[in-house]
Amino acid sequence: MVRANGAVSLRELARVVQTSEVTVRRDVRALEAEGLLDRRHGGAVLPGGFTRESGFPQKSLSATAEKTAIADLAAALVEEGEAIVVGAGTTTQELARRLARVPGLTVVTNSLLVAQALAHANRVEVVMTGGTLRGSNYALVGSGAEQSLQGLRVSRAFLSGSGLTAERGLSTSNMLSASVDRALVQAASEVVVLADHTKLGTDTMFQTVPTDVITRLVTDEPPVHDDRAATELQALADQGVQIAVAGAGAAPAPPEVPLPGQRRTRAGLRSATGALAPEPLPDRSARVADLRRR
């Protein structure tokens with residue numbers, strides 16, 4: 001699976017082979033000892049320290065529940081009448097499907113998948129960059145895409161990538177994609193990164209967004225036993241990145257102050273889905289809870 005996709009999560013491995021993550025983790029450790037793969041936070045990648053980019057079919061099947069939860073929370077950041085840019089990726093495609101309900105929205109994108117998700121949204125204007133089509137991720141890249149973004153100014157950029165570390169920020173495996181993503185960042189006042197926990201601690205070849213430029217990270221809650229993912233989140237928070245954690249299949253627990261994507265009402269805090277957020281579960285990681293309060 002790693003050879004086919006470039007990377008795989010422990011959660012996905014456990015689901016495919018129908019065993020526990022504890023068993024999968026033990027086997028991955030043995031495979032790493034044989035030099036067949038490298039372990040990363042919550043998963044494994046090809047050996048050598050840098051992952052190659054997976055194709056769209058593989059990406060679309062990876063961490064689907066997590067991407068859905070992340071998209072729900074990220075969509076609540078977007079306000080009526082706003083102008084934003086949305087980069088390419090399967091997580092940003094999920095976000096776009098939810099943005100179709102935001103009236104008066106203007107979305108600038110280099111992604112055919114994002115544009116397709118918004119094609120029938122009557123109250124959303126879609127502006128596409130120019131450029132050359134990169135078929136592996138259905139995105140427009142190259143000088144044409146970058147030049148079309150010159151002079152543009154929007155409130156927020158929503159980006160995904162192949163990896164995210166506190167040391168280096170967001171990165172991707174393709175030089176052309178990285179260059180366009182940097183142009184998208186230049187057009188925005190705030191940068192919101194959408195990345196599930198399997199990308200935390202993964203470093204790929206081309207940096208797109210340095211950590212000090214990232215305003216917010218919207219991610220899913222890592223497994224309780226994944227201390228390394230919690231450590232990476234803490235390191236990002238220590239560098240000033242605002243962390244919003246979405247629960248896969250459940251509304252996020254309320255912090256002491258509203259998370260990005262929540263609003264305070266007379267009835268209390270409301271989550272990205274609009275439902276009242278439940279009380280924190282007693283077995284939640286204290287470190288993740290601390291990040292939520294931040």
May I ask you to check whether E146 and S179 show a side-chain donor-acceptor distance below 3.5 Å?
yes

Can you name the nearest heavy-atom pair linking A246 to A69, along with the distance?
CB-O, 3.4 Å

Could you go step by step and tell me if L105 and V78 meet the side-chain contact (heavy atoms from CB on, under 4.5 Å) rule?
CA-CA 9 Å; L105 186 65; V78 182; 3.5 Å; yes

Residues Q242, L217; criterion side-chain contact (heavy atoms from CB on, under 4.5 Å); working and verdict:
CA-CA 6 Å; Q242 300 175 34; L217 165 64; over 6 Å; no

Side-chain contact, heavy-atom cut-off 4.5 Å: V85 with V107?
no

In this structure, CZ of R156 is separated from CG of L77 (nearest 0.5 Å) by 6.0 Å

Would you compute the distance between atom CG of L73 and atom CG of L194 and round it to the nearest 0.5 angstrom?
9.5 Å

Examine distances only and state if a side-chain atom of Q239 and a backbone atom of A166 form a donor-acceptor pair shorter than 3.5 Å.
yes

Candidate pair K67 and E94, rule salt bridge (Lys or Arg N to Asp or Glu O under 4.0 Å), full reasoning
CA-CA 7 Å; K67 291 173 182 176; E94 287 295 325; over 6 Å; no

What one should report as the nearest heavy-atom pair of A145 and S148 is O-OG, 2.7 Å

Beyond-backbone contact of L118 with V114, side-chain heavy atoms, under 4.5 angstrom
yes

Please determine, by modelled atom types, if D196 and T198 share a side-chain donor-acceptor pair under 3.5 angstrom.
yes

Go through the steps for R153 and S189 under the test side-chain contact (heavy atoms from CB on, under 4.5 Å), then give the verdict.
CA-CA 8 Å; R153 196 63 176 170; S189 300; 3.7 Å; yes

Could you check whether any side-chain heavy atom of V17 comes within less than 4.5 Å of a side-chain heavy atom of V24, counting everything from C-beta outward?
yes

Cut-off 3.5 Å, side chains only: do S171 and T204 have a donor facing an acceptor?
yes

Please report the C-alpha distance between R29 and E32 in whole Å, then the side-chain angles of each, then the deciding distance to 0.1 Å, and finally whether the salt bridge (Lys or Arg N to Asp or Glu O under 4.0 Å) criterion is met.
CA-CA 5 Å; R29 190 179 296 113; E32 183 182 45; over 6 Å; no

Contact check, side chains of L170 and V213, non-hydrogen atoms, under 4.5 Å:
no

Determine whether a donor-acceptor pair (N or O, by modelled atom type, separation under 3.5 Å) exists between the side chain of E232 and the backbone of L200.
no

Tell me if a side-chain donor or acceptor on S160 pairs with a main-chain N or O of T91 at a distance below 3.5 Å.
no

Side-chain contact test, heavy atoms from C-beta onward, threshold under 4.5 Å: evaluate it for R134 versus S177 and give yes or no.
yes

Donor-acceptor pair, side chain of R168 and main chain of L164, under 3.5 angstrom:
no

Heavy-atom pair with the smallest gap, counting every atom of T208 and P210:
O-CD, 4.1 Å

Gap between atom OG1 of T231 and atom CG of D238 - 0.5 Å precision
10.5 Å

Euclidean distance, N137 CG relative to T172 OG1, rounded to 0.5 Å:
8.0 Å

Without swapping roles, check the side chain of E82 against the backbone of E79 for a donor-acceptor pair under 3.5 Å.
yes

Testing the basics here: between R98 and A75, what is the closest heavy-atom pair and its distance to 0.1 Å?
CB-CB, 3.8 Å

If I compare all heavy atoms of I214 with all of G169, which pair ends up nearest, and what's the gap?
CD1-CA, 4.5 Å

Do we see a donor-acceptor contact under 3.5 Å between the side chains of K199 and T219?
no

Is the closest side-chain heavy-atom distance between T132 and L140 below 4.5 Å?
no

L159 and V209: CA distance, side-chain angles, deciding distance, side-chain contact (heavy atoms from CB on, under 4.5 Å) verdict
CA-CA 9 Å; L159 298 177; V209 190; 3.8 Å; yes

Is any side-chain heavy atom of V28 closer than 4.5 Å to one of R25?
no

According to a hydrophobic-cluster definition based on side-chain heavy atoms being under 4.5 Å apart (Ile, Leu, Val, Met, Phe, Trp, Tyr only), do M175 and M205 belong together?
yes

Keeping T215 on the side-chain end and V192 on the backbone end, is there a donor-acceptor pair under 3.5 Å?
no

So which atom in N110 and which in M128 form the shortest heavy-atom distance, rounded to 0.1 Å?
C-CE, 4.4 Å

Is there a side-chain contact between L99 and I84 (heavy atoms, below 4.5 Å)?
yes

When rounded to the nearest 0.5 Å, the distance separating CD of Q18 from OG1 of T23 is 13.0 Å

Working to the nearest 0.5 angstrom, can you tell me the gap between H197 NE2 and R11 CZ?
4.5 Å

